[in-house]
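All remarks here apply to the structure that follows.
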2 protein chains.
Amino acid sequence: MKENMNILIIDDEVQIRRLLEISLSAYEFNTFFAENGKQGLVAAATHHPDLILLDLGLPDMDGLELLVRLREWYTKPIIILSVRNSEEDIVNALDKGANDYLTKPFRSGELIARIRVAIRSGEERKDTPSLEFGDLSIDMINHVVRKSGDIVKLTSTEFSLLALLAKNSGRVLTHQFILKEVWGYGYLEQTQYLRVFIAQLRKKIEDNPANPVLLITESGIGYRFGN
Amino acid sequence: MKENMNILIIDDEVQIRRLLEISLSAYEFNTFFAENGKQGLVAAATHHPDLILLDLGLPDMDGLELLVRLREWYTKPIIILSVRNSEEDIVNALDKGANDYLTKPFRSGELIARIRVAIRSGEERKDTPSLEFGDLSIDMINHVVRKSGDIVKLTSTEFSLLALLAKNSGRVLTHQFILKEVWGYGYLEQTQYLRVFIAQLRKKIEDNPANPVLLITESGIGYRFGN
DNA sequence: GGGCGGATATAAAGATTTTGTAAAGAACCT
DNA sequence: AGGTTCTTTACAAAATCTTTATATCCGCCC
């Protein structure tokens, strides 16, 4: 498991939040909280937690609706905590994208174990040894990039950036996300780095750096690798 | 979901097996059975089921030990069914590689839902869910729009607008509502923006922009996507 | 049918924001 | 020290947003 997973807890009962904060932090999970649905959506979107614990009984909106809204973009585990224990409620929540469902009162040891299961199942279970895109090959293990067989000399930052984009080829990665992954949280505002390094990468791997086909700009959003 | 998943049920009680056979086959799961641990290991190794339902109380060996032995090579979901419901048993099983744990007696609808969750989580999530309308696909998560497979280059505002309309396909959205959602509250009167951007979108995604079939004008009210 | 008025469509010019590029300075290795 | 890599700066280039202008459509009244 990665160090320190961030868990968002969406629950209006202060006792539950207190309890979860204590029991989860004992297992080195970072916790943060939202007291209602609106806050929950915002918190999830801004912090991108590794897992969400969601109470179905929220003051401002139906928990199931919140689940659906979250699942429009949030792909990591969501575990439901609820007093409702009818079969209908449980089946509904699970079918709408919840990964697990515990009825309150729950046993905190069991919750922790189920959190571990959810995180485990969501983990990358693929170490891609190498990626190929036309005449470009990226060897993830040895950190070597070749263009039509010839080794392209990249600095380690350049490699991280290229590898990140290539691993997610076809999807748009936001500036923030790239900066976070490659440089770390302290660099979320250094979008100029990105421009400089993207330009350098283009010079090294694009046939025509002025007309990139691999490293595509999505203006106002971020970058995308390939199609 | 793929067609016909094969589920191995390891349980010594004949009534449970009967019950599971009936309820699972109603959902088009193929079932096959083992009455004890030894049979279970063999059946799993020979048939490579897509999922295993495992009772912890087996006549010939401890269910937990069987779980551990299975997990030495078996990577697909294992769901525990057991009368034991102490926290210790549950945590133990989950930590030893079980994906879920239901205590007997269980509700069969819930079991089915949890089976679906387990299968879903094990599936490749390479292809993210995307909205499809004829030859147009809108991938909300990856922020990519394709027309007959080719990526359509949209600005982020154009994408937000299209995504909003597509998410509500078939419904008429008022000018006000669209402006509020895409541009924010300060722009409720800029209906001209809408005209400009709708026209741009039509040029990009309609076969014949002058005769739109996707982005429909509802004169005096707003716009509607499709149907 | 013709004309009027409100609403919509489209192109294109201007303004603004975002991105690309080169290059100089700082920091970081051996 | 010498070379490499990272960081910063400055300016050019491109993309996007906003505004304006003009054309088109459509229902309605006479």
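All chains are named by letter (A, B, ...) in the order of the sequence lines, taking the proteins before the strands, and each is independently numbered beginning at 1.
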Exercise. Indicate, yes or no, whether a donor-acceptor pair under 3.5 Å links the base of D:dT19 to the side chain of B:Gln190.
Key: no
Self-check item: Atom pair distance, as rounded to whole Å: OH in B:Tyr193 and P in D:dT16
Solution: 16 Å
Exercise. Sugar-phosphate means primed atoms, P, OP1 and OP2; the rest is base. With that split, encode nucleotides 24-30 of chain C 5' to 3' as B, S or - using protein heavy atoms under 4.0 Å.
Key: -------
Quiz item: Is the distance from OP1 or OP2 of C:dA7 to the nearest side-chain N or O of B:Thr191 less than 4.0 Å?
Solution: no
Quiz item: Do the side-chain N or O atoms of A:Tyr223 get closer than 4.0 angstrom to the phosphate oxygens (OP1, OP2) of C:dT19?
Solution: no
Quiz item: Between A:Thr155 and D:dC6, is there a side-chain N or O to OP1/OP2 distance below 4.0 Å?
Solution: yes
Quiz item: Does A:His175 place a side-chain N or O at less than 4.0 Å from the phosphate oxygens OP1/OP2 of C:dT19?
Solution: yes
Quiz prompt | Test side chain to side chain donor-acceptor pair (under 3.5 Å) applied to B:Arg195 and B:Gln192, step by step | solution = CA-CA 5 Å; B:Arg195 303 208 184 95; B:Gln192 177 59 15; 3.0 Å; yes
Quiz item: Just how far, in rounded Å, is C1' of C:dG20 from CD of A:Glu206?
Solution: 14 Å
Quiz item: Has B:Arg202 got a side-chain N or O lying under 4.0 Å from the OP1 or OP2 atom of C:dA9?
Solution: yes
Practice problem: Indicate whether OP1 or OP2 belonging to D:dG3 is found under 4.0 Å from a side-chain N or O atom of A:Lys153. | Solution: no
Quiz item: Between A:Asn211 and A:Asn208, does a side chain to side chain donor-acceptor pair (under 3.5 Å) hold up when you go through it step by step?
Solution: CA-CA 5 Å; A:Asn211 251 45; A:Asn208 176 7; 4.7 Å; no
Exercise. Please report, rounded to the nearest Å, how far the P atom of D:dA14 is from the CD1 atom of A:Ile216.
Key: 16 Å
Quiz item: Is any side-chain N or O of B:Lys203 closer than 4.0 Å to OP1 or OP2 of C:dA11?
Solution: yes
Quiz item: Among the nucleotides D:dT18, D:dC6, D:dT7, which one has an atom lying closest to any side-chain atom of A:Val196?
Solution: D:dT7
Quiz item: With a 4.5 Å limit on heavy-atom distance, are the side chains of A:Val172 and A:Ile216 in contact?
Solution: no
Quiz item: Could you give the CD1-to-P distance, from B:Ile221 to D:dC26, as a whole number of Å?
Solution: 15 Å
Quiz item: Which one, C:dT8, C:dA22, D:dA21, comes nearest to the side chain of B:Arg195?
Solution: C:dT8
Quiz item: Can you tell me if the side-chain N/O atoms of A:Thr217 get under 4.0 Å from OP1 or OP2 in C:dG20?
Solution: yes
Quiz item: Between D:dT18 and B:Trp183, is there an OP1 or OP2 to side-chain N/O distance shorter than 4.0 Å?
Solution: yes
Exercise. Establish whether the base of C:dT8 is bridged to the side chain of B:Gln192 by a donor-acceptor pair shorter than 3.5 Å.
Key: no
Exercise. Give the nucleotide from the list D:dC17, C:dT8, D:dC6 with an atom nearest to the side chain of A:Phe197.
Key: D:dC6
Quiz prompt | Criterion salt bridge (charged side-chain N to carboxylate O under 4.0 Å, His left out) on A:Lys104 and A:Asp55, from CA distance to verdict | solution = CA-CA 10 Å; A:Lys104 294 183 186 178; A:Asp55 180 17; 3.4 Å; yes
Practice problem: Could you check how far CD of B:Gln200 sits from C1' of C:dA11, rounded to whole Å? | Solution: 10 Å
Quiz item: Would you say A:Glu110's side chain and B:Glu87's backbone share a donor-acceptor pair under 3.5 angstrom?
Solution: no
Practice problem: Rounded off to whole Å, could you give me the CD-to-C1' distance for the B:Glu189 and C:dA7 pair? | Solution: 16 Å
Practice problem: Check whether any side-chain heavy atom of A:Leu20 sits under 4.5 Å from a side-chain heavy atom of A:Phe106, and report yes or no. | Solution: yes
Self-check item: Carboxylate-amine/guanidinium proximity below 4.0 Å for A:Arg114 and A:Asp100
Solution: yes
Quiz prompt | Steps toward side chain to side chain donor-acceptor pair (under 3.5 Å) verdict (A:Thr217, A:Arg202) | solution = CA-CA 11 Å; A:Thr217 301; A:Arg202 282 181 179 148; 2.8 Å; yes
Exercise. Please determine if a side-chain N or O atom of A:Thr157 lies less than 4.0 Å away from the OP1 or OP2 oxygen of D:dC6.
Key: yes
Exercise. May I have the distance from A:Lys204 (atom NZ) to D:dT4 (atom P), rounded to whole angstrom?
Key: 11 Å
Quiz item: For the pair made of CG in A:Leu194 and P in D:dT8, what is the distance, rounded to whole Å?
Solution: 14 Å
